[in-house]
Amino acid sequence: QVQLVESGGGLVQAGGSLRLSCAASGRTFSSGAMGWFRQAPGREREFVGATRWSDDITYYAASVKGRFTISRDNAKNTLYLQMNSLRFEDTAVYYCAARPTPPGFYYELWRESLYDYWGQGTQVTVSS
């Protein structure tokens with residue numbers, strides 16, 4: 001059974017930092033892709049960033065580029081999201097997503113339909 005478990009969320013002041021983790025179990029995603037999405041209250045879920053595992057190409061949403069960084073630990077089958085310079089508008093539930101097979105073009109990593117597995121989410125709250 002495949003599981004994605006997010007952790008690391010919490011309450012932080014604007015300008016602060018948090019690091020989220022997504023631990024995958026049940027299979028590896030070394031040929032596919034993993035990414036982060038988020039959903040703020042009253043809004044649709046949106047793409048944050050993702051990485052194509054085979055060549056380590058990472059693609060970010062414009063709203064977080066330069067502030068957020070995705071990294072991974074292959075040995076632990078874990079994906080990370082380092083979030084710096086957090087803003088009030090970054091408040092959301094953050095979800096990890098994964099696809100075990102090659103995702104194709106990196107610039108399509110924003111598509112939710114690309115991913116087969118999703119975590120339960122972790123809350124990030126940024127106080128202004």
Side-chain angles (χ1 to χ4, degrees):
Q1 182 181 0
V2 175
Q3 279 193 316
L4 302 178
V5 179
E6 303 98 333
S7 61
L11 174 65
V12 63
Q13 287 188 330
S17 298
L18 279 177
R19 189 177 81 152
L20 306 184
S21 299
C22 172
S25 62
R27 70 179 302 168
T28 63
F29 297 92
S30 57
S31 297
M34 291 184 73
W36 294 94
F37 290 76
R38 67 186 182 185
Q39 186 169 22
R43 301 186 65 176
E44 293 188 353
R45 189 159 56 187
E46 65 176 6
F47 172 73
V48 174
T51 183
R52 193 166 65 184
W53 213 270
S54 60
D55 52 13
D56 209 19
I57 287 181
T58 305
Y59 186 54
Y60 296 97
S63 59
V64 306
K65 195 171 185 179
R67 300 188 298 122
F68 291 10
T69 303
I70 288 174
S71 62
R72 68 195 199 201
D73 185 328
N74 292 345
K76 295 182 179 180
N77 214 22
T78 298
L79 186 74
Y80 302 98
L81 180 66
Q82 178 66 44
M83 305 186 293
N84 299 328
S85 302
L86 282 161
R87 305 168 180 167
F88 176 75
E89 54 265 35
D90 294 319
T91 296
V93 177
Y94 283 71
Y95 297 92
C96 175
R99 173 190 174 96
T101 54
F105 297 111
Y106 76 92
Y107 50 77
E108 293 189 325
L109 290 174
W110 63 271
R111 296 182 184 276
E112 288 192 34
S113 59
L114 202 68
Y115 300 90
D116 302 292
Y117 302 101
W118 292 82
Q120 293 299 307
T122 185
Q123 176 71 47
V124 171
T125 303
V126 184
S127 62
S128 57

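We're numbering straight along the sequence, starting at 1. Note that these values count all heavy atoms, side chains included, but never hydrogens, waters or copies made by symmetry.
- Distance alone, capped at 3.5 Å, is enough to place a donor-acceptor pair between the T78 side chain and the K76 backbone.
- Contact annotation: the side chain of P100 approaches that of D116 to within less than 4.5 Å [non-hydrogen atoms, C-beta and beyond].
- Side-chain contact between C96 and W118 is absent, with no heavy-atom pair separated by less than 4.5 Å.
- Ring geometry, Y115 versus F37: the interplanar angle exceeds 60°, so the pair is classed perpendicular (tilted spans 30 to 60°).
- Once rounded to the nearest 0.5 Å, the distance linking OG of S31 with CZ of R52 reads 12.0 Å.
- Side-chain heavy atoms closer than 4.5 Å link hydrophobic residues (I, L, V, M, F, W, Y) into clusters, and following such links, possibly through other members, connects L114 to I57.
- No continuous path of ILVMFWY side-chain contacts below 4.5 Å connects V48 to Y95, so the two sit in separate hydrophobic clusters.
- Taking hydrophobic clusters as Ile, Leu, Val, Met, Phe, Trp and Tyr residues chained together by side-chain heavy-atom distances below 4.5 Å, Y80 does not share a cluster with V124.
- Under a hydrophobic-cluster definition in which Ile, Leu, Val, Met, Phe, Trp and Tyr are linked whenever side-chain heavy atoms come within less than 4.5 Å, directly or via other members, Y94 and L4 are assigned to the same cluster.
- The distance from the OH atom of Y117 to the CD atom of Q1 is 10.0 Å, given to the nearest 0.5 Å.
- For the pair F29 and V2, the minimum side-chain heavy-atom distance is below 4.5 Å.
- Every residue was checked against the salt bridge (Lys or Arg N to Asp or Glu O under 4.0 Å) condition with R87, not counting sequence neighbours, and none meets it.
- Residues V12 and M83 are not in side-chain contact: their nearest non-hydrogen atoms beyond the backbone lie 4.5 Å or more apart.
- Residues E108 and P103 have side chains not in contact (no heavy-atom distance under 4.5 Å, counting atoms from C-beta outward).
- Around atom CD of Q120, no more than 12 heavy atoms belonging to other residues, nucleotides or ligands sit under 6.0 Å away.
- When atom types are taken as modelled, the side chain of T91 and the backbone of V126 share a donor-acceptor pair closer than 3.5 angstrom.
- E6 places a side-chain N or O within donor-acceptor distance of the main-chain N or O of G121, the cut-off being under 3.5 Å.
- Applying the salt bridge (Lys or Arg N to Asp or Glu O under 4.0 Å) test to R72 and every residue at least two apart in sequence or in another chain returns D56.
- Looking at W53 and N74, their side chains come closer than 4.5 Å, going by heavy atoms from C-beta outward.
- Scanning all heavy atoms of the two residues, the minimum distance from S128 to A14 falls at CA-CB, 4.3 Å.
- Annotation: Y106, atom OH; neighbour count of heavy atoms from other residues, nucleotides and ligands within 6.0 Å does not exceed 12.
- Atom-to-atom distance recorded for R99:CZ and R111:CZ is 11.5 Å, nearest 0.5 angstrom.
- In this structure, L79 and W36 have side chains that are in contact, with non-hydrogen atoms separated by less than 4.5 Å.
- With sequence neighbours left out, S25 forms a side chain to side chain contact (heavy atoms under 4.5 Å, CB included) with Q3.
- A 4.5 Å side-chain heavy-atom check between R38 and L20 finds every atom pair outside the cut-off.
- Note: the hydrophobic cluster containing L86 does not contain F47 (ILVMFWY, side chain heavy atoms under 4.5 Å, direct or indirect links).
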